[in-house]
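A, B, ... follow the sequence lines: proteins, then strands. Residue 1 opens every chain. Reckoned from all heavy atoms, side chains included, excluding hydrogens, waters and symmetry mates. Treat the numbers as computed from the prediction; the structure is a model and nothing was measured.
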Amino acid sequence: MKITLGDITQALGGTLRGNSELHIKRISPLASAKAGEVSFLSHAKYAQQLSQTQASCVILTPDSASGVQDWLSQGRAWIETDAPYLYFAKLTQWWKQKHAGALKAGVHPSAVIDPSAQIDPTASVGALCFVAAGARIGAHTHLAARVTVGEGCTIGQRCILHSGVVIGADGFGFAPRADKSWEKIEQLGAVRVGDDVEIGANTCIDRGALDDTIIEDGVKLDNLIQIGHNVKIGKHTAMAGNAGVAGSATIGAYCSVGGGAVILGHLTIADHVHISASTTVTRSITEPGLYTGMFPIDTNADWEKNAVTLRQLHKLRERIRELEKRLPPAPEST
Amino acid sequence: MKITLGDITQALGGTLRGNSELHIKRISPLASAKAGEVSFLSHAKYAQQLSQTQASCVILTPDSASGVQDWLSQGRAWIETDAPYLYFAKLTQWWKQKHAGALKAGVHPSAVIDPSAQIDPTASVGALCFVAAGARIGAHTHLAARVTVGEGCTIGQRCILHSGVVIGADGFGFAPRADKSWEKIEQLGAVRVGDDVEIGANTCIDRGALDDTIIEDGVKLDNLIQIGHNVKIGKHTAMAGNAGVAGSATIGAYCSVGGGAVILGHLTIADHVHISASTTVTRSITEPGLYTGMFPIDTNADWEKNAVTLRQLHKLRERIRELEKRLPPAPEST
Amino acid sequence: MKITLGDITQALGGTLRGNSELHIKRISPLASAKAGEVSFLSHAKYAQQLSQTQASCVILTPDSASGVQDWLSQGRAWIETDAPYLYFAKLTQWWKQKHAGALKAGVHPSAVIDPSAQIDPTASVGALCFVAAGARIGAHTHLAARVTVGEGCTIGQRCILHSGVVIGADGFGFAPRADKSWEKIEQLGAVRVGDDVEIGANTCIDRGALDDTIIEDGVKLDNLIQIGHNVKIGKHTAMAGNAGVAGSATIGAYCSVGGGAVILGHLTIADHVHISASTTVTRSITEPGLYTGMFPIDTNADWEKNAVTLRQLHKLRERIRELEKRLPPAPEST
């Protein structure tokens with residue numbers, strides 16, 4: 001398929017400087033782009049790469065364009081836009097649709113769909129999926145191969161559930177018996193996933209115990225994430241891989257949670273809170289901001305010395321206190 | 001379906017105070033329960049919620065009943081029992097069976113079962129499961145959709161394996177060759193899962209290298225847990241999501257392991273040991289108790305300052321030692 | 001099936017001391033081996049177990065054989081080899097093939113294979129797998145049951161992909177819109193897996209955004225690992241369960257990554273770097289060696305005291321500084 005710069009700007013806008021007939025074969029990162037390829041400058045800090053790239057066309061802000069004025073004489077081009085990264089995102093969508101076509105609606109014949117499940121006719125359900133009784137899959141939503149949507153769970157419109165996702169397994173709920181064995185608490189709630197939600201491969205969202213587990217519109221979950229029962233995740237929050245959220249935690253909107261982070265149960269996290277990777281949230285967070293709790297990496301030898309000392313830290317504090325008591329008061333500064 | 005309080009206490013016992021003809025439409029949490037709904041008071045510390053709930057009936061201890069004596073005159077009711085949370089658990093089971101019916105025994109036609117596998121006729125095997133040669137599934141055990149039970153592995157009675165579970169993948173065993181590449185150690189053991197075990201979505205239990213990996217009766221595993229080869233988990237131990245147990249670790253009975261915790265290989269953990277979330281167990285634990293190792297969360301700015309200092313902690317200790325040497329001895333207390 | 005020591009050494013070499021007609025029923029760990037079983041001494045530090053084992057034959061180095069010279073008179077035997085652990089690994093392979101036969105090539109009828117996918121005729125594709133358009137599976141590679149290989153992804157020769165693996169789900173890429181919702185960046189790259197790679201159950205490797213995600217020859221990945229888009233993992237690197245690698249990280253060859261470790265995005269890690277379990281890699285590592293960052297486990301009571309103090313660590317350092325200023329200079333040593 002022949003794609004020209006003119007095709008791109010006609011579809012996506014932006015101001016093209018250079019030859020609209022130029023053929024584009026590929027979208028590439030700035031550092032490795034070659035002739036015949038289009039790239040993008042997402043941030044001024046990569047301007048050095050701009051001066052070295054071999055790309056035939058770069059998407060950039062009008063401000064950054066000052067650095068490429070001599071490209072015209074080289075037969076190269078650029079596209080000016082106020083939001084180059086967003087433009088790039090839309091370009092990948094347009095590019096994929098151009099090459100692969102729109103996703104075909106319908107249910108793969110190998111998928112197992114309960115007769116009482118409702119699949120929107122515009123939805124696409126991949127091979128070997130299982131959609132249980134009473135589940136609903138919204139318009140233009142795509143279930144990749146091998147996805148489970150459990151009984152009574154609902155998935156909104158334009159969602160993407162990647163391969164291996166499990167929606168609506170039982171939440172982890174047990175009451176202790178007198179002999180310390182466990183009595184199962186049947187999980188009577190469901191999972192409700194809003195619109196425009198993307199859920200990564202092998203991620204699990206458990207059904208609620210009594211009420212539903214709720215994932216609001218626009219939430220983006222990476223792979224291998226565990227969402228416990230009765231969790232609520234606010235709109236447009238994004239979570240990276242291997243993160244886990246324990247039961248009944250409420251996470252606000254526009255938050256981000258780094259890879260491997262753990263959020264304990266029954267906590268409330270405000271909107272616009274950002275949790276660093278590998279951080280464990282042990283208390284509710286009421287103020288927006290960036291929060292971290294992660295042991296700094298070191299050579300193993302140095303780590304060992306510091307870790308041993310860390311286990312005596314409280315005693316070290318007492319020794320400092322003792323020293324402070326034994327010293328005469330500091331002389332007044334003059 | 002019409003359910004009355006009388007139906008409930010007839011099935012589950014307890015002492016009903018109030019009108020046994022009262023209709024119950026739903027089981028709800030105390031804080032959000034409305035008229036026509038039944039709730040429970042699991043602990044006296046939630047007594048404040050009791051005074052505010054709209055529930056028509058609450059399950060509570062005889063002691064807590066003093067707070068609701070005026071309910072009778074309001075047409076409301078309560079059920080007295082010594083273990084309200086356990087009663088609630090049994091109520092959820094009764095409720096589910098009442099509404100959804102008992103799980104249908106049998107193998108879903110889309111499941112792939114090796115002819116040499118033995119599935120108890122009372123077991124229920126969901127859609128798109130794979131049960132390999134020589135595997136055995138016990139009575140009344142339920143495999144949700146898309147579960148794998150590998151060759152020669154055995155699952156006991158009344159177990160629940162949620163969607164995406166993988167039992168009996170190869171353990172992670174390799175011998176280093178002289179050139180530092182890896183020679184596979186075939187995993188010749190299997191996995192033996194006892195009775196009344198529940199295994200969460202996408203959790204993996206690897207087969208043993210030579211002997212079997214063993215999960216004893218009543219163990220409860222949450223989602224996305226990794227259990228390495230030759231691990232042994234004692235009865236009624238519970239583990240939360242994203243936890244991992246490396247090869248040949250032996251975990252006692254009645255333990256709990258928090259979300260995201262990691263237990264290193266070849267360790268032994270006694271009975272009644274509780275590991276906090278996000279804690280890494282690096283040595284055997286011989287005494288019952290609660291153990292923790294987790295970096296406390298803080299604002300990123302404060303964390304950064306403390307983390308930088310932590311990397312010099314050993315030197316700080318030496319500076320304290322030096323200060324102590326340079327000070328005259330503390331005056332004796334009189 | 002009857003197996004004699006002579007069968008073993010004829011197939012795998014080594015120097016047999018003792019009766020080649022001795023029957024071997026099982027391969028067992030040294031500590032639990034019984035008569036009729038063969039075991040191995042992988043390291044001289046287990047010599048104590050050697051003196052107590054009931055094994056009929058042990059694989060060991062010529063040096064270690066001094067401890068078993070009296071076995072001949074007991075009708076017992078040993079196999080001398082310079083690399084007993086490697087010999088044991090090969091023995092497990094030979095043993096499995098002897099008992100289970102070679103893996104049968106071919107595609108299970110329940111697997112769903114896109115007509116444009118290329119499956120080598122010697123490959124084995126398990127039940128309920130999905131192999132998408134344009135994917136390629138190399139010679140003698142084995143896909144266990146319920147594996148997904150996404151569009152255009154390639155798997156080399158002699159690989160093993162365990163149940164639940166997802167190759168080629170979309171990488172986690174989104175551009176923020178002005179309203180802080182997310183615009184999807186279509187992931188146009190693929191995943192390329194080299195030869196002799198083993199990938200554990202439910203592990204996920206995402207496709208690249210523009211370029212491909214690359215797993216080089218001989219890499220071994222345990223279960224439930226997340227590999228982000230555009231990651232590159234060098235040959236013969238091994239990673240343990242629950243580990244996660246964020247997008248665009250480059251990991252060298254011959255590295256090891258412990259269970260639950262997290263490697264942040266866009267980092268570069270040199271060859272021969274070893275990362276301890278539960279360690280978060282937050283910066284590039286240029287020197288080979290062992291690196292660690294993990295909070296030491298303690299009783300919860302002690303942990304609490306130390307954790308509270310840790311949050312004031314920076315202030316403690318300032319107090320030490322202050323003390324040092326207030327003390328007279330240390331006397332010169334004579």
Under a 4.5 Å heavy-atom cut-off, does chain C meet the side chain of [X], its backbone, both or neither?
{"X": "B:L188", "result": "side chain"}
{"X": "B:R146", "result": "both"}
{"X": "B:I297", "result": "backbone"}
{"X": "B:V147", "result": "backbone"}
{"X": "B:S276", "result": "side chain"}
{"X": "B:V245", "result": "neither"}

Taking [Y]'s backbone N and O only, do any of them form a donor-acceptor pair with [X]'s side chain (distance below 3.5 Å, no angle check)?
{"X": "C:W303", "Y": "B:M294", "value": "yes"}
{"X": "C:N300", "Y": "B:T292", "value": "no"}
{"X": "C:Q93", "Y": "B:K184", "value": "yes"}
{"X": "C:N202", "Y": "B:N202", "value": "yes"}
{"X": "C:N223", "Y": "B:Q226", "value": "no"}

Between [options], who has the most heavy-atom pairs with chain B when the cutoff is under 4.5 Å?
{"options": "C:K315, C:K220, C:K235, C:K96", "answer": "C:K220"}
{"options": "C:S110, C:G218, C:A144, C:A127", "answer": "C:A127"}
{"options": "C:I27, C:L86, C:D222, C:D217", "answer": "C:D222"}
{"options": "C:L310, C:I160, C:L323, C:D302", "answer": "C:L310"}
{"options": "C:D196, C:L221, C:T237", "answer": "C:L221"}
{"options": "C:G241, C:A100, C:S163, C:G293", "answer": "C:S163"}

NZ/NE/NH1/NH2 to OD/OE distance under 4.0 Å, C:R26 and B:D211:
yes
Minimal non-hydrogen separation, B:P296 against C:F295, with atom names
CD-CE1, 4.1 Å
What part of [X] gets within 4.5 angstrom of chain B, counting heavy atoms only: side chain, backbone, both, or neither?
{"X": "C:A307", "value": "both"}
{"X": "C:Y85", "value": "both"}
{"X": "C:H99", "value": "neither"}
{"X": "C:S42", "value": "neither"}

From B:T282, B:T280, B:V281, B:L264, residue fulfilling side-chain contact (heavy atoms from CB on, under 4.5 Å) relative to C:S278
B:T280
What I want to check is whether the side chains of B:N242 and C:N242 have a donor and an acceptor closer together than 3.5 Å.
no
Under 3.5 Å, is there a donor on one side chain and an acceptor on the other for B:S181 and C:H236?
no
Between atom [atom1] of [X] and atom [atom2] of [Y], what is the distance when rounded to the nearest 0.5 Å?
{"X": "C:D298", "Y": "B:L290", "atom1": "CG", "atom2": "CG", "result": "11.0 Å"}
{"X": "C:R317", "Y": "B:Q312", "atom1": "CZ", "atom2": "CD", "result": "4.5 Å"}
{"X": "B:F130", "Y": "C:L128", "atom1": "CZ", "atom2": "CG", "result": "8.0 Å"}

